[in-house]
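Here, residue 1 is the first one in the sequence, and each next residue gets the next number.
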Amino acid sequence: MIRFSRLALVAIGLVCTCLAGHPALATSLAELYQSQTIVNGQGEEHRQAGFKVCLDKVLVRVSGDQRLPAKPQMTALRDKAGSFVRSFRYRDRMEGIPNHDDQGTYDRPHDLTCQYTPPVIDKVLAELGSKPWLGERPIISVLLAVQDARQHFVLASDGDERPYMAESFQSAAGPLAMKIVIPSKAALVKTGAIFEQVRALSPELLARTVGNQELLAGSLVWSDKELGWIADWRLAMAGKTYKWQVRGVNFDEAFRVAMRGAAQILSGNGQPE
């Protein structure tokens, strides 16, 4: 019991250290009610396909509920996805690169950003039995143990074991209008949060709230059998610890699953699927 209490203090200390100098930044309504996807050009066919994807994304972004795209009503809503869009814009992902052969602006990959008005999306959410998740969203501190056949480590924002993991995790938070903090190597050393401790911590001790901050704990283990990573995630809210898992995926998808699950819980929509 004494050992677990000490580890709990380590976890709490880690969160406090990570959050120093990282104030929560509120997302404006305009930023919240928008979504983005990649399309293969500016033609009408690509645009309509993009509108469907953006509708799915904005509903999850605004509500936090990852279950919405799977609802039967979404089939009909996607058929008129463009009618919900207030405005849209493109950004050429190959900007600065000259066209080659007969390629034109309608044949190049673009970021399609769709802007929506709150009343329109809120009405769609109501039809789906959901509601917007408004207000300031908590910053989530991430404590993650990673293991493959060659090495094991605790993910650090400035670590060099898997340099793209931290960046990928940050990217996974953006589409859900959420922010995460990954500890630096110095913070991990200062708190003594080594790999064995991180994997041994119980979910109840890991999932501590500091102010309005939440701690997302996880483990990421490479599996040759699954041909991908096995990711286990845990987060507590209102005295209940939630656990969810994904298997056989790349780490980009593992982090997207982590953030969708965290949003599901923190928005009050229950157990991640």
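Between K131 and L125, every side-chain heavy-atom pair lies at or beyond the 4.5 Å cut-off. Considering only heavy atoms from C-beta on, M259 comes within 4.5 Å of I180 through its side chain. Residues P138 and L266 are in side-chain contact: their nearest non-hydrogen atoms beyond the backbone lie under 4.5 Å apart. F51 is listed as a side-chain neighbour of L112, based on a closest heavy-atom distance under 4.5 Å. Using a 4.5 Å cut-off on side-chain heavy atoms (C-beta onward), F255 and M165 make contact. Between V154 and L144, the closest side-chain pair of non-hydrogen atoms is not below 4.5 Å.
A ring-centre distance under 6.0 Å is not found for F251 and Y164. Checked against a 6.0 Å centroid threshold, the rings of Y33 and Y116 do not count as neighbours.
When all heavy atoms of A254 and V249 are compared, the closest pair comes out as N-CG2, 3.9 Å. Of all the heavy atoms in V60 and D65, the pair that sits closest is CG2-O, 3.6 Å. Considering every non-hydrogen atom in both L216 and A258, the closest pair reads CD2-CB, 4.1 Å. Taking all atoms of both residues into account, the shortest heavy-atom contact from P183 to V142 is CD-O, 3.1 Å. In plain terms, the two heavy atoms of V39 and G50 that are nearest each other are CG1-CA, 3.9 Å. Across all their heavy atoms, L128 and K71 have their closest contact at O-NZ, 2.6 Å.
Within the 3.5 Å criterion, the main-chain N or O of D232 finds no donor-acceptor partner in the side chain of K243. For R86 (side chain) and V120 (main-chain N/O), no donor-acceptor pair under 3.5 Å exists by modelled atom type. For the pair Q264 (side chain) and N269 (backbone), a donor-acceptor distance under 3.5 Å is present. Judged by distance alone, with hydrogens and angles left aside, the side-chain atoms of W244 form a donor-acceptor pair with the main-chain N or O of V257 at under 3.5 Å. Judged by distance alone, with hydrogens and angles left aside, the side-chain atoms of K57 form no donor-acceptor pair with the main-chain N or O of T37 at under 3.5 Å. Checked by atom type and distance alone, the side chain of Q115 pairs as donor or acceptor with a backbone atom of A30 at under 3.5 Å. Between the side chain of R260 and the backbone N or O of E273 there is no donor-acceptor pair closer than 3.5 Å. A donor-acceptor pair is defined here as one N or O able to donate and one able to accept, closer than 3.5 Å; such a pair exists between the side chain of R61 and the backbone of L32. At distances below 3.5 Å, at least one donor-acceptor pair connects side-chain atoms of S63 with backbone N or O atoms of L59.
If you take CZ on R150 and CD on E161, they are separated by 11.0 Å, rounding to the nearest 0.5 Å. Between the CG atom of L55 and the OG atom of S83 there is a distance of 8.5 Å, given to the nearest 0.5 Å. Rounded to the nearest 0.5 angstrom, L77 CG and E127 CD are separated by 6.0 Å. Taking CD of Q34 as the start and SG of C114 as the end, the distance is 9.5 Å to the nearest 0.5 Å. Atom OG of S219 sits about 8.5 Å away from atom CD of Q245, to the nearest 0.5 Å. Considering CD of Q66 and OG of S267, their distance stands at 9.0 Å, rounded to 0.5 Å.
Residue E45 places its CD atom among 12 or fewer non-hydrogen atoms of other residues, nucleotides or ligands, all under 6.0 Å distant.
There is a path of hydrophobic side-chain contacts, each under 4.5 Å, that joins L134 to V124. Using a 4.5 Å cut-off between side-chain heavy atoms of Ile, Leu, Val, Met, Phe, Trp and Tyr, with links allowed through other members, F88 and L29 fall into the same hydrophobic cluster. Under a hydrophobic clustering in which Ile, Leu, Val, Met, Phe, Trp and Tyr are joined whenever their side-chain heavy atoms come within less than 4.5 Å, directly or via other members, V246 and I230 fall into different clusters.
The list of ring-ring contact (aromatic ring centres under 6.0 Å, His included) pairs with a residue in residues 66-86, not counting sequence neighbours, is empty.
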ask   = Can you check side chain to side chain contact (heavy atoms under 4.5 Å, CB included) on C54 and V85, steps first, answer last?
value = CA-CA 9 Å; C54 281; V85 178; over 6 Å; no
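Under the 4.0 Å criterion applied to side-chain N and carboxylate O atoms, R78 and D56 are assigned as salt-bridge partners.
With hydrogens and angles left out, the side-chain atoms of S184 and D158 include no donor and acceptor closer than 3.5 Å.
Each of R47, R108, Q42 was checked for a side-chain hydrogen bond (donor to acceptor under 3.5 Å, both in side chains) with Y90, and the lone residue meeting it is R47.
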